[in-house]
Amino acid sequence: MSGKLKALIAFAIFIVLLIVVAVSYYQNLGIISSGRNVAFVLLLILFLAGYSFIGTAKEGKTIPVRKIAAFDAIEEGIARSVELGKPVHFTLGYGPISTVNAPQYLAGLGVLGHVARLCAKYGAPLISTLGVPELIAAEEEIIRDAYYSGGKPELYNVTYNVRYLTDQQFAYASAVQATLHRENVGANIVVGPFWAESLIFMEAGAAIDAFQVAGTARETQIPFFVLAADYAFIGEEIFAAGAMASGDIETLASIRGQDFGKLISWILIVVGLILLPVGIKLAEYLVK
Amino acid sequence: MSVVVRRTIPQIIVALVIVLMVVFYFFYINADVSKGFTTADKALSDWAIVITAIAAIVGGIDILRYHVNQIRKREKRQIVFSCVVIVMEIVMVLLACYALYSGIAITTQPNFQWLYTYLYAPADAAMYSILVFYIASASYRTFRARNPPAVLLLIVAIIVMLGNTSLGAMIWEGFLPLRDWIYNVPNTAAFRPITMGIGFGLIILGLRLIIGKETTWMGRRE
Amino acid sequence: MAKEEKRKPFGMAHVLYTLLIISVALPLLYPVGLPIGISSTTKDVYNYIENTLPAGSAVLVDLYYEMAARAELEPQAAAVVKHLFEKNCKLVFVSTVTYGPIVFELLKSTASDVFAGKEYGRDYVFLGYVAGNEPAVRSLAESIRGTVAADNYGNSITDYNKLPMMRNIDKAEDFKLVFIVSSGTDTFGWYVRQWYTAHNIPLLFGALSVIGPSIKPYVDAKQAIGMLTGQRSAAEYEVLVGRKGLGLAAMDAQSFAHALILIFIIIGNVVFFATRAKPKPKEVGKK
């Protein structure tokens, strides 16, 4: 299917769904769950915006995407580890994957792919610890592929590279801490959903002078990473990291959609503030 | 395994689940359909529970594999810990089998309760308490007046710390209300945009997964 | 594999750690009894239970925490339960986390003064662990009898000789309040959606202090009557209900530990400014 046709179909679906929402709302049909009309329209707009940015990139137009310092720092950390003759450590968290945090594990895997490819490029041994039993196989495959396609199959040793620890929070935290110390790692890269263990990792890394890059979309833990890591992914940047890791310009262009979403919320906030003195509460209309 | 099994099928499953989740969440249509959606939603969660349970077995085997390997290689700094892990894992599995055999829940099995209360719980609480030391050393390392934003951060940190304790109230009564204001106004104001940004990031990630553009989680396509 | 390098056996961090142990342990062993002010959020919760909640109401208490969070959450739970018992409330305890049964037994043994004089089955019931997260919470709101067949000790829920209080308690509308003591963040959302939005039952949150900012929006939106966060709220509540519990004892320790950290932050800044004048080899990273 040609790109133009695909874009046309996407746009048609968008218009049809928009009409469904409008008819449902004005005719009181209640097709959309109550209070979720505006949210659904916003979701559609963001999907379409992301998709159209991808389409634009496909046509060969360059879309500027802001740089994420933490992403570029990963290579620096791995190169430094190799210079010091130390292994690189990566971890993406613990717990069951079937929760609201699943996208963060996915983002972590994206970053792991990037880290593994860089480790293969520089010849660094990689230790990836995790507490998510569902992802053991995925990690093994990602690391194996990276080492094999990077021409360093000799560095791949499954029991060394991928270490499932446990899915219990503090047992996992203590095992990661022990790994950092015993293996004396040179770079500590921590991306995924984290709870109270985030600071334990950062301080354990600092104690062995590891170069640390950390990121999470769990709001309460972001401050710890920002303060204690050398570089930090803040919130949604971990989702963008996966796209950056792919190196694919079209995928990268989709990040523009995130920024477009922010623009919409900016406009809504400003309009809401302007309407407030007039006695109109915009928020009440948004949840209708 | 062929590319279809390794990549195409997982991609289709992920995209399908995302679309279904969106439909279940947003579409009501009528009471009957909504009930059907709820049942389907529950079925999906049940699937997830089944997968998690099976994955836990894989995890258990993986732990065993790693530690047996460590013992076989006689890793000096690891061997003692590996022995402890293996023994504890076997004990837990045996207790679970025993509980299953006696037809009671594992959490009400007396031996498990004893192990949990007197072995696991203190160890777990001790690991959590280690945070107090790490918060202290992290504050010592990072709260330095390097530049104007850092000075601001330092001041806010001091106010919140004093507001949290009785000592603060002894110095000046105003620390507690000031702490509450910092929590409620600037803190909330900083939190919300981050939450929104995360939401947008998730939506775009969802889009990439639906159209099959996000493949980094599956290793490389070669 | 890289071998461990020799590091300083006793650095500044270790001095700090040692002093910290002393400043935490000593006040716990010998409480000083520093006075604490009562914050408005805690006062609101107390006033609600004292003045608005009808005496003798049925209250659901979800204990959703594990061992690590016990130090922060158990004093809160004990203080509020004491207050509820004083108002002759009928408490239905439940746990939506696996370790709930163990945590409940520990609460009962450490807060034996709170449970003294209260009879199981007549004044309180423990449903045990209910699996299924949010769907389970929804199911409890629709019908307890339809969700759990027996309590934690194997008594049938419909055996009104053993559990007389359950005769009139089954669905959300039979409750006047839900008290959620949780170490997680998501739990609060479950109850907001399944109990507050669906059945308009007032909620009260008991959370870790680090979770506070995440659940504040619910309280601001009046979806919960209030929240208690961390040890500080526990200590304040203990003052209000007149129970000398672990929350109060821990406040002294917390005060001294905070003071110590403040002193070290000041020292850190002095050292920073003193050494900044000297030229230093460039460090890796942004710091």
Side-chain angles (χ1 to χ4, degrees), chain B residues 38 41-42 45-46 49 75 77 104-108 112-113 116-117 120-129 131-137 139-146 154 157-158 160-170 173 175-177 179-180 183-184 187-188 190-192 195, chain C residues 4 12-13 16-17 19-21 24 32 34-37 39-41 66-71 98-102 105-106 128-129 131-135 152-153 209 212-214 216-217 220 230 232 235 251-252 254-262 264-265 267-269 271-273 276 287:
Chain B
T38 314
D41 198 6
K42 175 87 174 33
S45 326
D46 289 348
I49 292 171
E75 283 282 343
R77 286 178 300 169
I104 51 170
I106 179 97
T107 41
T108 45
F112 173 82
Q113 275 197 343
Y116 184 84
T117 316
Y120 177 77
D124 198 43
M127 265 319 283
Y128 187 40
S129 330
L131 266 181
V132 72
F133 301 111
Y134 286 163
I135 283 179
S137 57
S139 320
Y140 170 70
R141 272 192 308 118
T142 55
F143 285 133
R144 305 233 163 125
R146 283 187 197 88
L154 184 63
I158 290 173
V160 171
M161 275 195 212
L162 287 172
N164 265 339
T165 59
S166 317
L167 281 180
M170 286 165 80
E173 293 265 307
F175 279 125
L176 185 57
R179 180 207 74 156
D180 283 348
Y183 266 167
N184 296 342
N187 191 40
T188 315
F191 256 85
R192 289 200 176 147
T195 313
Chain C
E4 217 167 329
M12 192 59 158
L16 175 56
Y17 294 162
L19 289 174
L20 207 56
I21 291 180
V24 170
V32 189
L34 291 171
I36 63 162
S39 67
S40 56
T41 42
E66 295 182 7
M67 279 305 151
R70 195 180 146 219
T98 347
Y99 300 116
I102 298 171
E105 296 305 330
L106 287 168
Y129 164 59
N133 297 339
E134 188 165 349
N152 189 49
Y153 309 103
S209 49
S214 317
K216 184 109 198 355
D220 289 343
R232 165 127 203 155
M251 271 315 285
D252 284 346
Q254 196 174 327
S255 291
F256 283 109
H258 273 66
L260 185 75
I261 294 172
L262 276 176
F264 267 80
I265 289 176
I267 295 174
N269 277 287
V271 172
F272 172 68
F273 282 109
R276 200 164 65 157
K287 287 193 186 98

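Proximity to chain B is absent for every atom of C:Y129, based on heavy atoms less than 4.5 angstrom apart. Contact annotation for B:F191: only side-chain heavy atoms (C-beta onward) come within less than 4.5 Å of a heavy atom of chain C. Contact of B:F175 with chain C is not made at all, since no heavy-atom distance falls under 4.5 Å. Residue B:M127: no heavy atom, backbone or side chain, is found under 4.5 Å from chain C.
Put simply, OH on B:Y128 and CD on C:E66 are 12.0 Å apart, with the number rounded to the nearest 0.5 Å. Between C:M251 atom CE and B:T165 atom OG1 the span is 6.5 Å, to the nearest 0.5 Å. Rounded to the nearest 0.5 Å, atoms OG1 (B:T188) and CG (C:D220) are 6.5 Å apart. Here B:M170 contributes atom CE and C:L34 contributes atom CG; the two are 5.5 Å apart, rounded to the nearest 0.5 Å. To the nearest 0.5 Å, atom CE of residue C:M67 and atom OG1 of residue B:T117 are 5.5 Å apart. Expressed to the nearest 0.5 Å, how far CZ of B:R146 lies from CZ of C:F272 amounts to 5.5 Å.
When C:L260, C:I265, C:I267, C:I21 are compared by the number of non-hydrogen pairs under 4.5 Å with chain B, C:I265 comes out ahead. Among B:S166, B:A136, B:A123, B:S137, the residue making the largest number of heavy-atom pairs under 4.5 Å with chain C is B:S166. Chain B forms the most heavy-atom pairs under 4.5 Å with one residue out of C:I36, C:T41, C:L16, and that residue is C:L16. Between chain C and the residues B:A125, B:S139, B:A145, the most heavy-atom pairs under 4.5 angstrom are made by B:A145. Interface summary for chain B: among C:G128, C:G230, C:P35, C:A13, the most heavy-atom pairs under 4.5 angstrom belong to C:P35.
Considering all non-hydrogen atoms of both residues, B:V132 and C:L20 come closest at O-CD2, 3.5 Å. For the residue pair C:G268 and B:R144, the shortest heavy atom distance occurs at O-NE, 3.4 Å. When all heavy atoms of B:D180 and C:S39 are compared, the pair lying nearest together is OD2-CB, 4.1 Å. Looking at every heavy atom in both residues, C:R232 comes nearest to B:N164 through NH1-O, 3.2 Å.
Scanning for salt bridge (charged side-chain N to carboxylate O under 4.0 Å, His left out) contacts around B:R179 gives an empty result, with sequence neighbours left out.
Put simply, the side chain of C:Y17 reaches to within 4.5 Å of the side chain of B:Y134, judged on heavy atoms. B:L162 has its side chain within reach of C:L262: a pair of non-hydrogen atoms, C-beta onward, lies under 4.5 Å apart. Residues C:N269 and B:Y140 fail the side-chain proximity criterion, which asks for heavy atoms closer than 4.5 Å.
Under the 30°/60° scheme for interplanar angles, the aromatic rings of B:Y116 and C:Y99 are found to lie parallel.
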>> Under the criterion side chain to side chain contact (heavy atoms under 4.5 Å, CB included), I'd like the reasoning laid out for B:F143 against C:I261: C-alpha separation, chi angles, the key distance, then a yes or no.
In response: CA-CA 11 Å; B:F143 285 133; C:I261 294 172; over 6 Å; no
>> Between C:H258 and B:L167, does the side chain to side chain contact (heavy atoms under 4.5 Å, CB included) criterion hold? Intermediate values first, please.
In response: CA-CA 9 Å; C:H258 273 66; B:L167 281 180; over 6 Å; no
